[in-house]
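Each chain gets a letter, A, B and so on, in the order its sequence line appears, and its residues count up from 1.
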There are 2 protein chains.
Amino acid sequence: MGVRVAVDIVIFSVRDGRLKALLVKRGVPPFEGRWAVPGGFLKDDEALDEAARRELLEETGVADVYLEQLFTFGAPGRDPRGRVLSVSYFALLPAGSKAAPPSAGGDAAEAAWFDAYEPPPLAFDHAAILDYARQRLRWKLEWTTVGFGLVPGRFTLTELQRVFEAVLGRGVDKRNFRRKVLALGVLRATKESRREGLTRPARLFEFSASRFEKLRERGVLFPF
Amino acid sequence: MGVRVAVDIVIFSVRDGRLKALLVKRGVPPFEGRWAVPGGFLKDDEALDEAARRELLEETGVADVYLEQLFTFGAPGRDPRGRVLSVSYFALLPAGSKAAPPSAGGDAAEAAWFDAYEPPPLAFDHAAILDYARQRLRWKLEWTTVGFGLVPGRFTLTELQRVFEAVLGRGVDKRNFRRKVLALGVLRATKESRREGLTRPARLFEFSASRFEKLRERGVLFPF
DNA sequence: GCAAAAGTGTTCAATGTACACCCATGC
DNA sequence: GCATGGGTGTACATTGAACACTTTTGC
């Protein structure tokens with residue numbers, strides 16, 4: 001009686017115009033030397049969400065990011081050490097934010113970003129976890145506002161569009177994208193702008209949480 | 001080290017034109033005498049889905065119904081006996097199918113159907129589980145084909161419509177409903193019909209799994 | 001004045017929604 | 001012939017998709 005419970009977090013971010021996942025190289029058996037989704041064991045008296053946030057902090061040094069429970073994997077043979085349940089989560093890091101130094105984690109030798117669509121061979125059943133997370137993210141991006149978790153506090157509309165394109169894996173029309181995202185009514189234009197290259201500066205926008213709440217109350221956005 | 005894992009299943013069905021959930025009355029402490037979502041503990045070497053199907057069979061006597069993992073609840077204080085994780089599922093029973101005799105389960109004194117929108121006070125955090133399940137079912141009904149899990153193998157379009165109305169909690173237009181559901185292309189009209197009262201017989205339809213698969217491959221239906 | 005990214009509207013197709021009448025059957 | 005539920009089509013509004021040019025800035 002009693003199984004061990006791991007909490008594994010698929011950490012997504014957009015880098016170099018592509019959707020990436022943060023993976024750690026295992027430093028101890030089983031699957032020593034293989035890449036894996038970062039995670040760790042649930043502690044006594046710790047809530048699942050707390051454990052996920054703790055692991056996320058240890059692994060990346062960030063707090064206050066979007067985090068959502070994904071699925072619980074529990075096939076009897078999934079961990080050679082014995083019965084281990086994995087409660088999986090996915091987290092979104094804003095593009096451009098720094099991930100923690102690789103040595104920050106405990107039993108992870110190193111950490112690196114990998115293309116989320118073409119990951120290396122993974123330990124345990126983590127390939128299934130990553131697949132599932134990718135699928136869920138992609139779907140939610142089109143139908144909810146999770147996408148705003150992938151951009152920093154202030155961003156240009158073009159930056160936002162690039163993020164969407166990276167996750168969806170296809171280009172989108174600039175005019176349609178801007179109209180649609182502005183029509184949502186959850187963006188606020190700031191008075192500032194930013195110049196990327198040697199060209200016309202772009203207006204900076206920010207996400208308006210209060211307007212978002214209004215929408216959610218009216219059932220416009222899907223809650224799960 | 002090691003927590004106990006419960007598998008709890010919210011069992012939905014439409015009875016008397018309303019969405020109902022099957023609940024069991026607890027015969028032992030804690031929460032003795034309170035109603036609860038049926039479930040039980042995960043056994044060694046048992047997959048999560050297997051455990052859910054086993055509980056479902058014990059509780060209702062049915063197999064081969066729609067079953068989907070919902071969410072994992074794990075707040076430290078949710079069970080006074082100690083640390084217990086609940087991996088929750090929801091299942092759909094076709095309208096009109098018989099549920100098992102109340103005494104079939106183990107530590108459940110009795111079982112009964114309750115209005116899913118207005119349940120009695122529930123044990124543990126089961127009210128949250130039921131809320132979550134209801135929300136998910138309702139949402140999926142509009143955007144996927146889960147709805148077909150709530151009708152028997154052969155059904156009239158009016159029966160199907162009544163089921164949708166019960167879950168959504170509002171009436172829908174007959175003509176629009178029929179057009180939409182037929183346009184999906186996953187229904188096959190049989191040659192038979194059935195007479196309910198003293199009136200014109202209604203054509204019986206059945207669900208075509210092969211056509212459904214074609215849609216799913218093309219990404220028309222949402223997979224989760 | 002030119003290179004480079006920002007910004008902006010209209011047309012068309014598809015989809016969803018509102019709405020009312022005739023049909024088949026048993027008594 | 002009448003009561004009861006079965007069955008059908010059209011007009012309109014909303015939504016999503018395709019598509020190209022002008023503007024601002026630094027050099």
Can a donor-acceptor pair be found, under 3.5 Å and without considering hydrogens, that links the side chain of [X] to the backbone of [Y]?
X: B:Asp125; Y: B:Ala128; value: no
X: B:Glu55; Y: B:Pro38; value: no
X: A:Ser97; Y: A:Pro94; value: yes
X: A:Ser193; Y: A:Leu204; value: no

Partner of B:Val10 under side chain to side chain contact (heavy atoms under 4.5 Å, CB included), chosen from B:Leu137, B:Leu23, B:Leu22, B:Val37: B:Val37
When we call it a touch if two heavy atoms are under 4.0 Å apart, what does B:Ser193 touch: a base, just sugar-phosphate, or nothing?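 Answer is nothing: B:Ser193 stays at 4.0 Å or more from every strand.
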Would you mind classifying the nucleic acid contact of A:Thr156 as base, sugar-phosphate or nothing, using non-hydrogen atoms under 4.0 angstrom?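 Nothing: the residue A:Thr156, judged by heavy atoms under 4.0 Å, touches no strand.
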Atom-pair distance ([atom1] on [X]; [atom2] on [N]), nearest Å:
X: A:Glu142; N: D:dG16; atom1: CD; atom2: P; result: 11 Å
X: A:Leu160; N: C:dA6; atom1: CG; atom2: C1'; result: 15 Å
X: B:Leu198; N: D:dG1; atom1: CG; atom2: C1'; result: 15 Å
X: B:Lys174; N: D:dT4; atom1: NZ; atom2: P; result: 14 Å
X: B:Leu157; N: C:dC23; atom1: CG; atom2: C1'; result: 16 Å
X: B:Glu159; N: D:dG5; atom1: CD; atom2: P; result: 14 Å
X: A:Arg178; N: D:dT23; atom1: CZ; atom2: C1'; result: 13 Å

Per the under-4.0 Å heavy-atom filter, residues of residues 199-206 of chain B near DNA chain D come out as B:Thr199, B:Arg200, B:Pro201, B:Ala202, B:Arg203
Side-chain ion pair, A:Glu165 and A:Arg162, N-O less than 4.0 Å: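 The answer is yes: the pair qualifies as a salt bridge.
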Check the surroundings of atom CZ in B:Arg18: do more than 12 heavy atoms from other residues, nucleotides or ligands lie under 6.0 Å from it?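 No, the 6.0 Å shell around CZ holds no more than 12 heavy atoms from other groups.
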Going by ring-ring contact (aromatic ring centres under 6.0 Å, His included), B:Phe207 matches just one of B:Tyr66, B:Phe155, B:Phe148. Which one?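 It is B:Phe148, the one option of B:Tyr66, B:Phe155, B:Phe148 that forms the ring-ring contact (aromatic ring centres under 6.0 Å, His included) with B:Phe207.
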Taking the inter-plane angle between the rings of A:Phe73 and A:Tyr132 on a 0 to 90° scale, is it parallel (under 30°), tilted (30 to 60°) or perpendicular (over 60°)?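 Taking A:Tyr132 first and then A:Phe73, their aromatic rings stand perpendicular (interplane angle over 60°).
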Taking the side chain of B:Arg195 as its heavy atoms from C-beta onward, which of D:dT8, C:dG26, C:dG7 lies nearest to it?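 It is C:dG26.
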Scoring nucleotides 10-19 of chain C by protein non-hydrogen atoms under 4.0 Å (B base, S sugar-phosphate only, - none) yields B------BBB
